[in-house]
Amino acid sequence: MATNSTKKRSDLSEFTKLFGHGEPRISSGRIDFRVSDLDRSYQVAQRIIEANNLNIEIVGKNAQLRSFEVKVIEN
């Protein structure tokens with residue numbers, strides 16, 4: 001059985017694999033994605049999280065860098 005921290009890493013890895021585009025940058029349990037179309041990518045990311053019941057959330061969006069950040073939801 002997977003531990004809680006393994007599940008969290010697994011959810012981030014699964015999201016990264018399913019999202020499949022952008023330039024992920026990993027730091028402190030968060031992943032920042034730089035994308036070419038921020039609004040579209042943000043919506044796609046939200047649908048992936050909901051459809052796959054991933055234990056992560058989108059925590060920020062930066063229009064100047066065309067990026068958004070995801071992190072594991074702490075229980």
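Because only heavy atoms are used, hydrogens play no part in the values below, and waters and symmetry mates are left out as well, while side chains stay in.
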Engineer: Does the separation of the ring centres of Phe33 and Tyr42 fall below 6.0 angstrom?
Structural biologist: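 That pair fails the under 6.0 Å test.
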Engineer: Donor-acceptor pair, Asp32 side chain versus Arg25 backbone, under 3.5 Å?
Structural biologist: no
Engineer: Would you compute the distance between atom CZ of Phe68 and atom CD of Gln46 and round it to the nearest 0.5 angstrom?
Structural biologist: 9.5 Å
Engineer: Should Lys61 and Asp39 be marked as a side-chain contact (heavy atoms from CB on, under 4.5 Å) after you check the CA-CA gap, both sets of side-chain angles, and the distance that decides it?
Structural biologist: CA-CA 9 Å; Lys61 198 159 94 158; Asp39 291 331; 3.6 Å; yes
Engineer: Nearest 0.5 Å, what's the CG-CG distance between Leu54 and Leu18?
Structural biologist: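 So the gap between those two atoms works out to 7.0 Å.
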Engineer: Taking the side chain from Arg66 and the backbone from Val35, do they hold a donor-acceptor pair closer than 3.5 Å?
Structural biologist: yes
Engineer: Report the distance from atom CD of Gln43 to atom CG of Asp37, rounding to the nearest 0.5 Å.
Structural biologist: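 Separation between the atoms: 8.5 Å.
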Engineer: Going hydrophobic residue to hydrophobic residue with side-chain gaps under 4.5 angstrom, can you get from Ile26 over to Leu65?
Structural biologist: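 No.
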Engineer: Looking at every heavy atom in both Pro24 and Thr16, which two are closest together, and how far apart are they?
Structural biologist: CG-CG2, 4.4 Å
Engineer: I need the minimum non-hydrogen distance between Val72 and Ile56, along with the two atoms involved.
Structural biologist: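 For Val72 and Ile56, the tightest heavy-atom pair comes out as CA-CG2, 3.9 Å.
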Engineer: Using salt bridge (charged side-chain N to carboxylate O under 4.0 Å, His left out), reason through Glu50 and Arg47 one step at a time and then give a plain yes or no.
Structural biologist: CA-CA 5 Å; Glu50 291 171 3; Arg47 283 193 298 257; over 6 Å; no
Engineer: As an exercise, state the distance from CZ of Arg34 to CD of Glu69, rounded to the nearest 0.5 Å.
Structural biologist: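 Nearest 0.5 Å value for the CZ-CD distance: 11.5 Å.
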Engineer: At what distance, to the nearest 0.5 angstrom, does CZ of Phe15 lie from CG of Asn52?
Structural biologist: 10.0 Å
Engineer: Linking I/L/V/M/F/W/Y whenever any side-chain heavy atoms sit under 4.5 Å apart, do Val44 and Ile58 land together?
Structural biologist: yes
Engineer: Any sub-3.5 Å donor-acceptor pair from Asn62's side-chain atoms to Gln64's backbone N or O?
Structural biologist: yes
